Structures are given as structure tokens and as C-alpha cells.
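Okay, so here's the structure we're looking at.
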Number of protein chains: 2
Amino acid sequence: MSDRIHATYWLETGDDPARAAETIAGEQSSGTFVALATETPELKARSGARVERLEVLDHSATPSLPTPVRSTRYTRCRLELSWPIENLGACLPTLMATVAGNLFELRCVTGLRITDLRLPPAFAAEYPGPAFGIAGTRRLAGVDRGPLIGTIIKPSVGLSASETAEQVRLLVDGGIDFIKDDELQADGPHCPFDERVRRVMRVVNEAADRTGKKAMVAFNLTGDLDKMRRRHDLVLAEGGTCVMVCLNSVGLVGLRELRRHAQLPIHAHRAGWGWLSRSDALGWDYAPWQVFWRLAGADHLHVNGLRNKFSEPDDSVIAAARSVLAPLMPGAPMTAMPVFSSGQTGLQAHDTYSALGCADLIHTAGGGIFGHPQGVRAGVEALRASWDAAMAGEPLAERARRDAALAGALEFWR
Amino acid sequence: MSDRIHATYWLETGDDPARAAETIAGEQSSGTFVALATETPELKARSGARVERLEVLDHSATPSLPTPVRSTRYTRCRLELSWPIENLGACLPTLMATVAGNLFELRCVTGLRITDLRLPPAFAAEYPGPAFGIAGTRRLAGVDRGPLIGTIIKPSVGLSASETAEQVRLLVDGGIDFIKDDELQADGPHCPFDERVRRVMRVVNEAADRTGKKAMVAFNLTGDLDKMRRRHDLVLAEGGTCVMVCLNSVGLVGLRELRRHAQLPIHAHRAGWGWLSRSDALGWDYAPWQVFWRLAGADHLHVNGLRNKFSEPDDSVIAAARSVLAPLMPGAPMTAMPVFSSGQTGLQAHDTYSALGCADLIHTAGGGIFGHPQGVRAGVEALRASWDAAMAGEPLAERARRDAALAGALEFWR
């Protein structure tokens, strides 16, 4: 790893690819649209972004994104750029403006997607990364092995605080490991945060006193900074073990300040991920995006799920989860826990496990738990049994022959 | 204006548009992928998002965005949804997760762009809006009428602090109103923020002592919160009159906290706007996007410029500038100042003025000023003369006949 910042892109251009690459490198460092006498060769050598690699992948007859400059052929390439750390220092916000700033608007660009990001060690010295990560989350949730079996409070929004607590009662009585608020539910007048936390934690604490197991509840404290801090303190005071925040809503400064203040794991939701990623030809791959949020302190990161009910394909889901589990840099792994959700049941356990090679994750199911004909407890047990089987290399149908809860689940999961 | 939140979208769907609209409304409020007994009719009536309007615009044979659900025909519509404020309260971060969260990832969506946002008065009661806006900026810059004539320090990055100050000296000696850092230049080791501010302000203050005119310099303080606060205080202590921040880099919490702390106008840069907007079928129009940042406290908002060197078309630029100048809601105008940049010269003055009907803006030019054969002062004068002519309804060529600086500029602007 050099002391330079490296970013890789999928680029489409109607221009000569080498010229387009230099235009992008220039725009994002010392260059501008016109040649300047003050951009001396020395300055450029010292401060200019460098084209490290440019590989042509294929061509297209039409541009992927609208452009005022037409061409007869658009070339798709893999482009790697690097920047000297001296340009910006180890600053995540300015890093974002550098690797993902104005370049997407350039005329020579008809498609641009950031696909990878590698940072020098200075960033790990400046930013804390997750405070709890996998080990801290397992400890607080009391789950030594296998995924945290979880669910999301539904309806997303509309239940009162006491109705929410009643739903939580069903879930903790059923032995669930993890519960989260919906991203739409933070501190609405109909279900105020404080009242929700107090009522839910009363249920969770009573069950913990009774059974010795305290379910982890990720309370969505997304909001302005003073309110997030105050809400965190309330969750902590009530014996809660997790807070949740929407990353695109609060931004890098929001997460960084929450991490600075927090004494609990931060469950990071990616609501808005669609506008960052849904076009193949624009925006962000998950791998470079999650680097920012892990450095800033996210403990859990949402990655969608296999065969989900959204539009994301499975390979993208697995690539995202792998990136969250991969060490960030030598000596600073800063590993976070991927969160699988959306249309999830035990049917995805084997494929998820074999794709990741581990079960250091949170697996949330809604209908897959609540829909069990024998009730919530059986739903939780069936999902857990699916993972036990996956980790043991045992086919699901085989395990179902000696597991009534799983057998019942297979009826309605299909 | 009702007490509901209203958002409008351009939607493309391969599904029945009415069903897709209900799916989106459900996903972003009380619904989920499966029918739940707890989503009672009462709950839905109280907390569900409502389809207010759905107008079919046209059709397409192919989907704009990748989707796993193929159809023979994709319908484009204008969709307006509304939400009760009781779901979330007047909270900008949760508003973002609500109007621009998971909906972009839905399978039934093959194109989705948020085009308008109208908020109930509770948001203006909760958020401060710009502290300075147009009037405060004019007062601090000493510019009573016409645009602030401005420029950007170039090369973007690579000059040392003292080299930056030398460039500023040329500009203030030339009578410029406004200077800004590039978005790539914040606090890099090669040009540390503190040293840059001290050196630049020495030049600016000396000129102000001499001439009575103090140029406004927007120092880019983008970074972590503690650093942004400290940097702001330094700018203030050194007699500076503006700070700049990259919105997508610091997020809503970053801007909100800076606004809370700041005693200077906040110049808001939109680096990254390309990944929010470059696909016609995805993401954000500027009008709804700038609502968030104005409420949180942006005084100046970048809008690109007419005939700019990026890919944005002129109608989009003008729509963006108009949205920044339009009152946010009755009794709370919260007007900000649009910033025009990129390939700008006096040649755009007439068209910009006639499109906006006012000159409450910052017009920045680089080559358009530095390239003047008679020097920087003539470059500034020529740009100012173009605006004087535009506001007086006088053709540029006519004014050039009695303005030597403008005549010289017309030679190289073309």
C-alpha cells in the first residue's frame, strides 16, 4: 500500500479513453478546463492525480447517460486513479469530494461508477472504525456462533409506542436475538422515540431478567445531532444495547459524531441506496461506499439479501457483504457485520453461508418468522435451525425431518 | 398548504401505474411486501402515504433502469404522494429516508426521480434556514446591486498557502467581490487551512484598509465537525466573511451543526451532484434537493452555469437557480443565493439575467477573468460591465463601444 489514495472506476466515454482518463484526473486534482501558467510541471507532478491503469473492456453504440457531446462509439474501461495524500490529508469528507465529486458531470463521461477504493494507513490513524464490530455485537447480543436471528418492526410506521412494545413482547418471548425499527420510524409524534424506548426496554428487560437472554434492539435515533446524542443516552440508560441510524440522512459528520458519543453498537441503514446505485452506469458500488462508513464507525451495515424483494441481483448482494467482512487495511481490519434483509427466510441460509464462508452476520426476516403456523417462537427456531444446518453442511430437508419447527416453516417459506 | 408532506416524482414502471403508485406509497409508510393483520384500515388511514395524483405522460418499450421483472411496456407518469407529518415530525434526516429512501430500489420501479417537495410550516419552525442569505451576503461583500463578481482559486489543488495568497492579491487588486477555494482544497498537508487563511486574509485585510472594499473569500472548511468549528473560528478571527462546505461530503448533520455554530455566510458546494442527477431516470432534481440544504442553513448554493463545461443542460441550470431564489414557504422564504460557475464569462450575463429576472447571485469566472489581455482588473471590470449592460437592457456589443475593458474581453471570450 502506497501513501497514495487509489480509486477504481467503470468508465464509459465517447472520447479517446486515454484523453478522458487524463481529463478526469485533471478535474479531480490540479487541472481545469483551460491550461494555466500556474499549473507548472512541478506542481502537476506533485499534486496531480495519476492514471495508474486504463483497460478497455468493450464498446457501445449509444451512450449510457445523456451527454451534449455525441460520438459514434462509446468505450467502456476500467480506470484506476491515484492521488497523493498531501492533496487532502486523511479527511473522509474531502476524500468524498475528491474520488466522487465533480467527475460524474464531465462531458467526456457517459458512464461512471466508482468500484473500488484503497486508502493509505493515515486514514486508519485518523478514524476509529466500528467500536463493537462482530465480537462486540455477539457479546452484547449473547450469540456466540451463527447469525443473529432478527426482524424488523412492521408496519414500518403507524404503531404506537405501546403497540410496538407488544410486538416486541411476542418476539422476545419467541427467543429472537435482534429487532430493529424501520428506517421510517424515528421520532414521529404518533410514536415518540422516548416513549417507544421506555416501553420496549421494559419488555426486553423483563424477559432478560426471566430468561437470562437480552434481545438486541436497534432503536432508530436518526435526527439532528443533539437529538441523536440525547436519544442514545436514553437507550443506554434504559439498558438498551444498540442504536440505528440512516447514513444517507445524517451524512458522514452525523455518523462520525454519533460514533464519538456512542457507547453502543451503531446499526447503519442505507435507505437511499437506490439513488446511489440503481443505474448500472452511474454512481457507487457498495465496496467503496462502505469504506467511508466503516471508517466513520458503523458496526452493522445493510446489504439487502439473496433473492430479495427489491431489484438488486444476488451477486451484488454477496459482493457487498464480502466487502463489509473484508479487512479494511493491514493492521486495521475494522470489520463490520453485514445485515441481510428483504424477503428473507431460512431458505437463503445455505446459499448465504456458502457464499460468505462464515455466519458473522445479522439475518432479519419478517413474514418468514411471523408467518409460522406454530407461532413466532417456531418461526425464530426454524430460521436458526436453517443456519445450524447450513453451518453443519446438512441439507435443509434432511434437518427438517428431525426439526418440527423447520418442517412447519418449509411449508410456508416456499 | 396542508399539514402533510408532498413529494412529486417522475416514475417509470412496467407494472400497472396505479398499482406501482400504491406499492411505493406502502413501502414508504405503513405497508410492506406482505399483508399484515396489524396494518389495520384505521392504521392505514392514519399513517399511510396517499397517492394524491397520478398522470400518465408517455410509454417506452424498454426499461430505463435494470430490473428483474420484464414487461412489454413501461409507463412514465407524474406521481404525487403525501404523508402525514405525524409519521416523522419535522425532522430533515427522517424526511430524506421517507421521500428518498428505499423506494428507488423497488422492483416495480424502472425509473424514479424526485422532482418536487413541499413541506408543512413545522419544518420552518424547526430549522433556521440561511442566516445571511442575499441581503446578508450583499452587506458583507459590499455589493449593493448586481451579482457578486467572483472566481475560484486555480489550480484546484497544488498551490501552497503563500502561492494562494499571491493569487488572491492579484484578484483583490483587480477589484473582485468574491473568491472561493476549490472543493478539493480544504486542509491538505501541502496547503494547510490555517496557514492559507492567515496568509490570504492578510492580503485581503491590507487591501480593505487601503481601498475600503473587502473581498469575500469562501474558505473551504469541509471536514469533521470539531475541525469545521475551529476553522470557522479562525476565519472569523482573521476578519474573513465567508466559509465554504461540501454538502454531500458532510451531510445534513454536518451542515446543520455548522449553521448552529457559524457567524458567517455558508457557501454550499454540491460536489457529487453528478451521481445524484446525471441519469435522467434516477435520483434527484435540484428543486427538492436544495429544500433540505436551505432549511439546514445554506446561504449560497451552486447551480452550474449557462453553456457550462459540464454536461448539464441550460434549462436544468435555470430551473435550479430559480428554485434557490423561490420562497420556501409562506412566511419563511429562506431565500439563498445561487452560484453560477463553469465556463462562465460576461457572455452569459444577459441570458442569465433575463432567465432569472434578477441579479441576486454570485457569478464566478476563471479563464474569463484571468485571460483578459489587459489583466485581472480589466477581466473583473468586463464581467461587471456585462452585468450592468444586462440589467440596463443594453446589448453587450453596444456597451463594449464605450467600455475598453469589455471590448478587450469580447475578443477572447468568444
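The shown structure was predicted, so the numbers you read here are calculated from the model rather than taken from an experiment. Below, chains carry the letters A, B, ... as their sequence lines are ordered, and counting in each starts from 1.
In this structure, chain B has a heavy atom under 4.5 Å from the backbone of A/Asn308, while its side chain stays farther away. If you measure heavy-atom distances from B/Phe292 to chain A, you find no contacts under 4.5 Å at all. For B/Asp187, the part lying under 4.5 angstrom from a heavy atom of chain A is the backbone only. Heavy atoms of B/Asp182 lying under 4.5 Å from chain A are absent altogether. Proximity to chain A is limited to the side chain of B/Glu257, based on heavy atoms less than 4.5 angstrom apart. If you measure heavy-atom distances from B/Arg46 to chain A, the contacts under 4.5 Å come from the side chain alone. At a 4.5 Å heavy-atom cutoff, the contact between B/Leu184 and chain A is made by backbone and side-chain atoms alike. For a residue to count as touching a neighbouring chain, one of its non-hydrogen atoms must lie under 4.5 Å from one of that chain's; by this rule B/Val245 does not touch chain A. Looking at A/Val109, both its backbone and its side chain come within 4.5 Å of chain B, counting heavy atoms on both sides. For A/Arg278, the parts lying under 4.5 angstrom from a heavy atom of chain B are both the backbone and the side chain. Proximity to chain B involves both the backbone and the side chain of A/Leu225, based on heavy atoms less than 4.5 angstrom apart.
Checking A/Leu221, A/Val250, A/Asn248 one by one against B/Pro93, the side chain to side chain contact (heavy atoms under 4.5 Å, CB included) holds for a single residue, A/Val250.
Here A/Gly223 is the residue among A/Gly223, A/Cys191, A/Ser160 with the most heavy-atom pairs under 4.5 Å with chain B. Considering only heavy-atom pairs separated by less than 4.5 Å from chain B, the leading option among A/Ala97, A/Ala271, A/Gly254, A/Pro189 is A/Pro189. Per-residue counts of heavy-atom pairs under 4.5 Å with chain A were compared for B/Met228, B/Glu86, B/Met96; the largest is that of B/Glu86. Among A/Gly48, A/Gly158, A/Gly89, the residue making the largest number of heavy-atom pairs under 4.5 Å with chain B is A/Gly158. Ranked by heavy-atom pairs under 4.5 Å with chain A, the list B/Leu112, B/Asp280, B/Ile114, B/Asn304 is led by B/Asp280. Contact tally against chain A (heavy-atom pairs below 4.5 Å) for B/Asp224, B/Thr94, B/Thr222, B/Thr67: the top residue is B/Asp224. Residue with the most contacts toward chain B among A/Gly251, A/Gly274, A/Pro313: A/Gly274 (heavy-atom pairs, distance under 4.5 Å). By number of non-hydrogen pairs under 4.5 angstrom with chain A, the leading residue of B/Trp83, B/Phe370, B/Tyr127 is B/Tyr127. When each of B/Ser279, B/Gly283, B/Ser64, B/Cys91 is scored by its heavy-atom pairs under 4.5 Å with chain A, the top score falls to B/Ser279. Listed options B/Leu252, B/Asn87, B/Val69, B/Leu247 were ranked by heavy-atom pairs under 4.5 angstrom with chain A; first place goes to B/Asn87.
Taking OG from B/Ser311 and CZ from A/Phe104, the interatomic distance works out to 12.0 Å, rounded to the nearest 0.5 Å. To the nearest 0.5 Å, atoms OG (A/Ser29) and CD (B/Gln185) are separated by 11.5 Å. Atom SG of A/Cys108 and atom CZ of B/Phe310 lie 10.0 Å apart (nearest 0.5 Å). Atoms NZ and CD, from A/Lys309 and B/Glu27 in turn, are 11.0 Å apart once rounded to the nearest 0.5 Å. A distance of 9.0 Å separates SG in B/Cys246 from CG in A/Asn102, rounded to the nearest 0.5 Å.
Side-chain contact check for B/Leu43 versus A/Leu159: some heavy-atom pair is nearer than 4.5 Å. The closest side-chain heavy-atom distance from A/Ile85 to B/His190 is not below 4.5 Å.
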Would B/Thr98 and A/Glu183 satisfy side-chain contact (heavy atoms from CB on, under 4.5 Å), going step by step from the backbone distance to the final call?
CA-CA 8 Å; B/Thr98 301; A/Glu183 77 277 8; over 6 Å; no
Test log, rule side-chain contact (heavy atoms from CB on, under 4.5 Å), inputs A/Glu105 and B/Trp273
CA-CA 8 Å; A/Glu105 294 181 64; B/Trp273 175 243; 3.6 Å; yes
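Look at A/Glu126 and B/Lys227 and you find a salt bridge, because one of the NZ, NE, NH1 or NH2 atoms lies within 4.0 Å of a carboxylate O, short of that distance. Salt-bridge annotation for B/Asp226 and A/Arg260: present, with a side-chain N of the basic residue lying under 4.0 Å from a carboxylate O of the acidic one.
The aromatic rings of A/Trp284 and B/Trp275 stand perpendicular to each other, their planes meeting at an angle above 60°, with 30° marking the opposite boundary.
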